[in-house]
Amino acid sequence: MAEAVLDVNRAYEAEPRVANYVVDADVHVTPPPSFWGEYLSPKFRDLAPKVESDGEFDYIVFEGTRRAVNLMQSQAGRDFNQYKNSGKLSDMRVGGWMVGKRLEDMDRDGIDKAVCFGGGPLGTGNLDLYLDSFDAFNRWQSDFCADSRGRLFSCAYLTTVDVDNTIAGMRAAKKRGDVAVNLPAFPQSTHQFTKEGSVWQAMTGDPNGKRQYRDPEFDRLWATAVELDMPLTFHLGARTSRFKDKTNFLPDIPMGKPAMLEMVNIMLYSGVFDRYPKLRIGLIESGVGWIPWACEYMDRTWEMQRHWTECKIKHPPSYYFDQNVYASFISDPVGVELRHKPGCRNIMWSSDYPHSETTFPHSHKVIEKNFRGVPKEERDWIIAGCAEKFFGLN
């Protein structure tokens with residue numbers, strides 16, 4: 001018996017809203033590879049990826065490689081038992097790149113505004129092309145959000161190969177109207193750069209590199225972020241999930257959440273937030289239930305160990321979480337329950353559309369489950385107000 005054809009772009013009937021106003025702190029775009037030929041700098045456009053179709057798969061052909069389109073970034077429109085790892089571009093929900101369809105999906109799902117994360121870059125061994133692909137993706141995403149009638153806002157992904165380049169990218173993002181910039185979890189190192197690892201290096205950087213965000217060379221970057229009132233985000237990346245590996249995916253995926261604490265602490269314990277008290281950083285897709293435990297533990301160990309380690313920060317670590325650090329979650333009722341604990345003042349809800357963890361098209365059911373018994377004012381802060389403050393959407 002032939003398998004029934006699944007229409008991933010089928011329409012959904014809007015479900016009852018639990019809240020009148022929702023700002024989604026983390027959604028994604030999934031543009032088809034054809035956009036590269038338009039947005040890369042002219043000298044690189046002939047090198048852009050091409051798409052070939054063959055049976056049940058579309059393949060991205062680029063720099064001598066041919067790989068099937070991965071679908072983990074676009075499972076919206078599928079029930080959980082219909083998820084699959086690879087397929088055709090037609091297996092992806094078109095709201096990932098067609099702004100009109102995205103707005104329809106937001107209306108169906110009860111989402112009023114959302115902040116978009118995409119990132120690119122190309123998986124290339126050509127460093128110049130790699131750097132150019134960040135700019136290409138960011139400009140495409142900014143254009144996508146500009147056509148959304150004020151409902152979608154872009155976060156640009158930046159490289160940290162060179163701080164001057166990072167600062168220039170931040171200023172360009174601000175000029176385009178982007179509301180945040182995303183950095184790799186750790187600074188990137190050109191000596192580590194490879195074609196095979198280039199995409200993940202945009203998320204992780206080089207954890208064992210000689211450069212770290214505590215170093216004075218990055219103070220100019222923090223100063224520029226404060227000057228531009230531009231929040232910085234880290235989007236997982238401190239621990240990568242083997243998302244194509246069905247054996248290791250489930251063990252990997254929870255480890256990426258608390259692993260984000262490392263890059264925060266590199267900044268925190270080295271006094272970055274004392275030097276730049278208005279700097280805002282966001283841990284996106286981190287979950288939040290682990291943060292109160294971490295803050296309590298860090299406060300205790302800092303008090304006990306700060307003298308011999310010569311740690312000169314002015315306040316306990318939890319203070320900086322409540323002043324400078326924001327974090328987003330998809331479904332985390334434990335984190336919501338702990339919202340009054342140190343470190344959980346600045347938490348934000350997100351749908352992760354259209355990725356494999358997305359709450360679409362049942363976001364308000366998830367909100368209802370997460371916020372049962374929570375006073376309306378506190379719920380509205382977490383599902384709208386906090387994101388508006390962090391990204392400057394007011």
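The first residue of the sequence shown is numbered 1, and numbering continues consecutively from there.
- Side-chain contact between Trp222 and Leu232 is present, with heavy atoms from C-beta onward closer than 4.5 Å.
- For Lys113 (side chain) and Arg151 (main-chain N/O), no donor-acceptor pair under 3.5 Å exists by modelled atom type.
- For residues 207-216, the side chain to side chain donor-acceptor pair (under 3.5 Å) pairs, not counting sequence neighbours, are Arg211-Glu217.
- The number of heavy atoms from other shown groups lying within 6.0 Å of CD (Glu377) does not exceed 12.
- Summarising the geometry of Ser133 relative to Leu122, their closest heavy-atom pair is OG-N, 3.1 Å, with the distance given to 0.1 Å.
- With Trp140 as reference, Phe35 is the one residue of Trp36, Trp97, Tyr157, Phe35 to meet the ring-ring contact (aromatic ring centres under 6.0 Å, His included) rule.
- A side-chain donor-acceptor contact under 3.5 Å links Asp58 and Ser53.
- A 4.5 Å side-chain heavy-atom check between Tyr320 and Lys314 finds at least one atom pair inside the cut-off.
- Judged purely by distance below 3.5 Å, without hydrogens or angles, the side chains of Asn370 and Ser331 pair a donor atom with an acceptor atom.
- The pair Asp380-Lys376 meets the salt-bridge criterion, since a charged nitrogen lies less than 4.0 angstrom from a carboxylate oxygen.
- Rounded to the nearest 0.5 angstrom, Asp322 CG and His315 NE2 are separated by 12.0 Å.
- Of the N and O atoms on the side chains of Gln141 and Ser154, at least one donor lies less than 3.5 Å from an acceptor on the other residue.
- If you check the side chains of Asp352 and Thr359, you find no donor sitting under 3.5 Å from an acceptor.
- Between Ser198 and Thr124, the shortest heavy-atom distance links the atoms OG-N, 3.2 Å.
- Rounding to the nearest 0.5 Å places NZ of Lys195 at 10.0 Å from CG of Asn126.
- Phe371 places none of its side-chain heavy atoms less than 4.5 Å from the side chain of Val18.
- Residues Ala156 and Arg176 approach most closely at CB-NH2, 3.7 Å, considering heavy atoms.
- Rounded to the nearest 0.5 angstrom, Met348 CE and Ile383 CD1 are separated by 14.0 Å.
- The closest donor-acceptor contact from the side chain of Thr358 to the backbone of Ser351 lies under 3.5 Å.
- Between His362 and Tyr12, the ring-plane angle classifies as perpendicular under the 30° and 60° cut-offs.
- Using a 4.0 Å cut-off between charged side-chain N and carboxylate O, Asp91 and Lys88 make no salt bridge.
- Both Leu40 and Phe144 belong to a single network of hydrophobic side chains, linked directly or stepwise wherever heavy atoms of I, L, V, M, F, W or Y lie under 4.5 Å apart.
- The shortest heavy-atom contact between Ala11 and Arg108 is CB-NH2, 3.6 Å.
- Proximity of His364 to Val22: side-chain heavy atoms (C-beta onward) are separated by under 4.5 Å at one or more points.
- Within 6.0 Å of atom NZ in Lys84, more than 12 heavy atoms from other residues, nucleotides or ligands are found, so the atom counts as buried in its surroundings.
- Relative orientation of the Phe390 and Tyr326 rings is tilted, given thresholds of 30° and 60° on the angle between their planes.
- Salt bridge status for Glu378 with Arg339: present, with a side-chain N to carboxylate O gap under 4.0 Å.
- Of the inter-residue distances, the one linking Leu261 atom CG with Tyr297 atom OH reads 11.0 Å to the nearest 0.5 angstrom.
- Atom CZ of Arg149 sits in a sparse spot, with 12 or fewer heavy atoms from other residues, nucleotides or ligands closer than 6.0 Å.
- Side-chain atoms of Asp162 come within 3.5 Å of backbone atoms of Asp164 as a donor-acceptor pair (strictly under, hydrogens ignored).
- A 4.5 Å side-chain heavy-atom check between Leu393 and Phe153 finds at least one atom pair inside the cut-off.
- Ion pairing between a basic and an acidic side chain is recognised when a charged N comes within 4.0 Å of a carboxylate O; Lys278 and Asp229 show no such pairing.
- Leu279 is listed as a side-chain neighbour of Val272, based on a closest heavy-atom distance under 4.5 Å.
- Aromatic ring pairs are classed by plane angle as parallel below 30°, tilted from 30° to 60° and perpendicular above 60°; the pair Phe134 and Tyr130 is perpendicular.
- With a 4.5 Å cut-off on side-chain heavy atoms, Asn346 and Cys386 count as touching.
- Taking hydrophobic clusters as Ile, Leu, Val, Met, Phe, Trp and Tyr residues chained together by side-chain heavy-atom distances below 4.5 Å, Phe137 shares a cluster with Val99.
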* To do: Could you go through the side-chain contact (heavy atoms from CB on, under 4.5 Å) check for Arg93 and Arg78 one step at a time?
  => CA-CA 9 Å; Arg93 196 159 183 90; Arg78 296 178 179 274; over 6 Å; no
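- No donor-acceptor contact under 3.5 angstrom links the side chains of Trp293 and Glu296, judged on distance only.
- Using the six-membered ring where Trp is involved, Phe391 and Phe117 have ring planes that are perpendicular, over 60° apart on the 30 and 60° scheme.
- Cation-pi geometry between Arg66 and Tyr59 is satisfied (NZ or CZ under 6.0 Å from the ring centre, within 45° of the ring normal).
- Between Lys312 and Asp274 there is no salt bridge, since no side-chain N of the basic residue sits under 4.0 Å from a carboxylate O of the acidic one.
- Aromatic pair Tyr353/His28: ring centres not closer than 6.0 Å.
- From Leu47, atom CG reaches atom CG of Asp128 across 11.0 Å, with rounding to the nearest 0.5 Å.
- Rounding to the nearest 0.5 angstrom, the gap separating the CE atom in Met298 from the CD atom in Gln305 is 14.5 Å.
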* Asked: Can you check side chain to side chain donor-acceptor pair (under 3.5 Å) on Thr30 and Gln73, steps first, answer last?
  -> CA-CA 7 Å; Thr30 56; Gln73 62 181 335; 5.5 Å; no
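- Between Ser328 and Glu285, the closest heavy-atom pair is OG-N, 2.7 Å.
- Within the 3.5 Å criterion, the main-chain N or O of Arg139 finds no donor-acceptor partner in the side chain of Ser142.
- Judged purely by atom type and a 3.5 angstrom limit, Arg280 has no side-chain atom pairing as donor or acceptor with the backbone of Gln323.
- Aromatic rings from Tyr319 and Phe273 are positioned such that their centres are separated by 6.0 Å or more.
- Surrounding OH of Tyr83 are more than 12 heavy atoms belonging to other residues, nucleotides or ligands, all under 6.0 Å away.
- Exactly one of Asp135, Thr166, Asn165 qualifies for a side-chain hydrogen bond (donor to acceptor under 3.5 Å, both in side chains) with Thr159. That residue is Asn165.
- A salt bridge links Arg171 with Glu227: at least one charged nitrogen is closer than 4.0 Å to a carboxylate oxygen.
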* Please assess Arg67 against Glu52 for the test salt bridge (Lys or Arg N to Asp or Glu O under 4.0 Å), listing each intermediate value before the final yes or no. => CA-CA 10 Å; Arg67 62 177 180 84; Glu52 295 179 354; over 6 Å; no
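- Put simply, the side chain of Asn265 never gets that close to the backbone of Leu268: no donor and acceptor are under 3.5 Å apart.
- Using a 3.5 Å distance cut-off with no hydrogens or angles, the side chains of Gln75 and His355 do not pair a donor with an acceptor.
- Within the 4.5 Å cutoff, the side chain of Met92 has heavy atoms near those of the Leu71 side chain.
- Summarising the geometry of Met260 relative to Ser286, their closest heavy-atom pair is SD-CB, 3.4 Å, with the distance given to 0.1 Å.
- A salt bridge does not link Asp299 with Arg306: every distance from a Lys NZ or Arg NE/NH1/NH2 to an Asp or Glu carboxylate oxygen is 4.0 Å or more.
- In this structure, Asp24 contributes its side chain and Asp26 its backbone to a donor-acceptor pair below 3.5 Å.
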